[in-house]
2 protein chains.
Amino acid sequence: MKERLSAEERRRQIVEAAVELFSRKGFRGTRTREIAEAAGISEAMIFKHFATKRELYSAIIEAKSATDELLASAAIAARQHDDAGVLRAVGLKMIEQTEADPSLMRLLLFSALEGHELSDIFFESRVKTLHQFLSSYIRKRIKDKRFRAIDALVAARGFIGMVVHYLLIHELFGIKRPLHSSSEEVVELFAAIFLKGIER
Amino acid sequence: MKERLSAEERRRQIVEAAVELFSRKGFRGTRTREIAEAAGISEAMIFKHFATKRELYSAIIEAKSATDELLASAAIAARQHDDAGVLRAVGLKMIEQTEADPSLMRLLLFSALEGHELSDIFFESRVKTLHQFLSSYIRKRIKDKRFRAIDALVAARGFIGMVVHYLLIHELFGIKRPLHSSSEEVVELFAAIFLKGIER
DNA sequence: CAATAGCAAGTGAGCGCTTACATACTTACT
DNA sequence: AGTAAGTATGTAAGCGCTCACTTGCTATTG
C-alpha cells in the first residue's frame, strides 16, 4: 500500500516528524531511521528529499527562524507609551509561543550547545530581535525622562532573562509554577519589578 | 613507556579530560576514544575504571553537584540586611563561578536536554538552592515591610533569571558584554533594577 | 609470583547513506 | 481512447564505517 504524495507534502511530513525528534533528543541523539518511522515512510525517502541528515536539520532551523509578528501587540503598546503594556506584551508572547511550541526553545538550545553553524542565525532571529526591540524602547523612554539613565541593552536583557529563565526551568526541568499564579500573573509581577522594583 | 599511576589519580585524569569533552560536545557527541586520547591513555583503561560511558558521565555530574560555599558572602550580607549586597553577592558569585568553569553551565544544560537521570540532582544542587536562599531572604524582608508583598519565589527566580540569561547568551552564543561595562557593573544594574525599578 | 596497570587488536551492534528494484502517475504518439 | 515510454515516488536490503565495550596479552611492582 503506497500512498503517493506530492514532494512538498512529503517534505512537510518529514520535517514535522524530525522537529519533534530533534527537539527532544538533539541532532546527534536522533536516528534517521526513527524519523522515517515517525513519518511512516522508509528511510530512503528522507534521503530522496534531503541530501544529508544535516541538511534536514538546517532546513528546520531556517524554517523556525522565520520571524513572525511576535512583536505586533508590543509595538502597539509602545506607540502609546504604555510601559507596563509593552513588558506585558513581550513577556506574554514569549510564554504563549513557547507553550504552544516547546520545540523551539529546545532546538535553539541544542543547536547552540551542539555548535550548529546556523545557531547564530537562529539566535539572531529569535533572541536578538527581542533584545533590540525592548532596548530601543527603553532608550526612548530614557530620553522622555521616564526611565532612569541606565544601559538600555543590559536592562532589556535583564527583563527578557526573567521570562526566559522562568520558561527554562519550566520546560527543561519540569518545575511547575506555583499553583496560585498563572503565567499572566507571573509576567505582571516581572513587569512590576522591572518598572518599580521590589522595595516598598 | 608505561607510567603506572594510582587508580585514584587515573580516575581524576580521566574525569578531567571527560568533563572538558562532555561539556563541549555533550554525552552523545563525545567518543570514548577521544576521552582516552585526551587523557593520554588507551581506551580500555577507561573501562577498567568506569564500567560504562554512562557511569563516567554520572560520576562527573555527581561530582559537579557538590555544593560549595557559593552563598557564603551572600549570607553575610543577608545578616546585615544589606539588600543590594545580597543581590550583588549572589550575582557576582554566579558570574565568577561560571567564568572560572564554563563547563558547569554547559553540562547542566546538556544533561537536562539529553534527559540524563541525574539532571534533577544537578538542578537541585545548582539552581534550586539559589532560588531558595534568595526567596527566603525576600520573604524575610517582606515581613520587615521593606519589600512589597509579592510572590517571593517568583521574584527570586526573576533576579536569578537576569543573571543566568546574561551568562547564557555570553557563554552559549558568544555575545560579548558591551565594552564599557564590567560584570560588576552589570550585576550592579540588575540589583538596582530589581530593588528600585527603572522608572525614575 | 600474585596482583595490578597497561595496551593492541578486536567484536558486534548501530549508524548514515546507497542500491536495486517495484509501483503509481504523466506524457506523447497512434 | 488506448497504450507504450518515461518519470516520480516508494521500498527492502544492505554497505561501509564508527561506536561502546572486550579480550588476550605484556610489563611493572610489592
Side-chain angles (χ1 to χ4, degrees), chain A residues 1-61 107 110-111 113-118, chain B residues 1-61 107 110-111 113-118:
Chain A
M1 187 85 68
K2 314 186 174 183
E3 328 170 40
R4 285 172 68 92
L5 288 183
S6 72
E8 199 181 335
E9 226 174 322
R10 248 319 160 230
R11 276 180 75 101
R12 257 202 344 89
Q13 191 186 22
I14 294 169
V15 163
E16 202 173 308
V19 162
E20 207 273 321
L21 288 163
F22 281 141
S23 82
R24 254 188 27 230
K25 334 209 317 183
F27 179 75
R28 296 196 160 119
T30 301
R31 319 284 144 229
T32 48
R33 268 185 181 83
E34 294 178 287
I35 299 173
E37 216 169 305
I41 53 170
S42 74
E43 203 181 349
M45 278 307 297
I46 290 175
F47 295 96
K48 278 256 162 66
H49 290 275
F50 302 91
T52 62
K53 182 190 177 188
R54 193 159 200 85
E55 191 183 297
L56 168 58
Y57 191 58
S58 297
I60 287 173
I61 290 191
L107 279 172
F110 258 128
S111 76
L113 279 167
E114 288 181 332
H116 192 279
E117 60 220 343
L118 290 181
Chain B
M1 185 85 69
K2 312 182 177 189
E3 333 168 37
R4 285 170 71 90
L5 287 183
S6 72
E8 200 182 334
E9 229 174 321
R10 250 316 162 231
R11 278 180 73 101
R12 254 204 343 92
Q13 191 185 21
I14 293 170
V15 163
E16 203 173 307
V19 162
E20 207 272 323
L21 287 163
F22 282 141
S23 84
R24 255 190 24 232
K25 333 206 320 181
F27 179 75
R28 290 193 236 241
T30 301
R31 320 281 146 232
T32 48
R33 240 180 275 253
E34 296 177 287
I35 299 172
E37 217 169 302
I41 54 170
S42 75
E43 202 182 350
M45 280 307 297
I46 290 176
F47 294 95
K48 277 254 163 66
H49 291 276
F50 301 91
T52 64
K53 182 189 180 189
R54 195 159 197 82
E55 190 182 299
L56 167 59
Y57 191 57
S58 298
I60 287 173
I61 290 191
L107 279 172
F110 258 128
S111 75
L113 280 168
E114 289 181 332
H116 191 280
E117 60 222 343
L118 289 181

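Every value quoted in this text rests on a predicted model; they were computed, and no experiment measured them. Below, chains carry the letters A, B, ... as their sequence lines are ordered, and counting in each starts from 1.
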Open item on the list: Here's a test of your reading of the structure: between Phe27(A) and Lys48(B), which maps to the more 5' nucleotide of DNA chain C?
Closed with: Lys48(B)
Task: Rounded interatomic separation in angstrom, taking CD1 from Ile41(A) and P from dC17(C) - done: 15 Å
Open item on the list: Rounded to whole Å, how long is the line connecting atom CD of Glu34(B) with atom C1' of dC21(D)?
Closed with: 16 Å
- [ ] Nearest whole angstrom, please: distance from the P of dG14(D) to the CZ of Phe47(A).
- [x] 18 Å
Atom pairs, N/O to N/O, protein against nucleotides 9-12 of chain C, distance under 3.5 Å?
none

Open item on the list: Using modelled atom types and a 3.5 Å cut-off, is there a donor and acceptor pairing between side-chain atoms of Gln13(A) and backbone atoms of Ala39(A)?
Closed with: yes
Task: Nucleotide dA8(D), atom P - distance to NE2 of His49(A) in whole Å - done: 12 Å
Task: Length of the CE-P vector between Met45(A) and dA22(C), whole Å - done: 18 Å
- [ ] Identify whether any heavy atom of Ile46(A) sits under 4.0 Å from a base atom; if not, whether one sits that close to sugar-phosphate; answer base, sugar-phosphate or nothing.
- [x] nothing
TODO: Please tell me if the side chains of Ile60(A) and Leu107(A) come closer than 4.5 Å, counting only heavy atoms from C-beta onward.
DONE: yes
Task: Gap between atoms CZ and P, on Arg10(A) and dC25(C) respectively (whole Å) - done: 12 Å
TODO: Verify side chain to side chain contact (heavy atoms under 4.5 Å, CB included) between Lys53(B) and Phe22(B), making sure each step is shown before the conclusion.
DONE: CA-CA 11 Å; Lys53(B) 182 189 180 189; Phe22(B) 282 141; 4.1 Å; yes
Open item on the list: Please verify the inter-ring angle class for Tyr57(A) with Phe27(A); under 30° counts as parallel, over 60° as perpendicular, anything in between as tilted.
Closed with: tilted
- [ ] Mark yes or no for whether Arg33(B), through its side chain, and Glu43(B), through its backbone, hold a donor-acceptor pair below 3.5 Å.
- [x] no
Task: Any Thr32(A) side-chain heavy atom under 4.5 Å of Leu56(A) side chain - done: no
Open item on the list: Measure CD/Glu37(B) against C1'/dG6(C) and give the value in whole Å, please.
Closed with: 17 Å
Task: Separation of atom CZ in Arg28(B) from atom P in dC15(C), rounded to whole Å - done: 10 Å
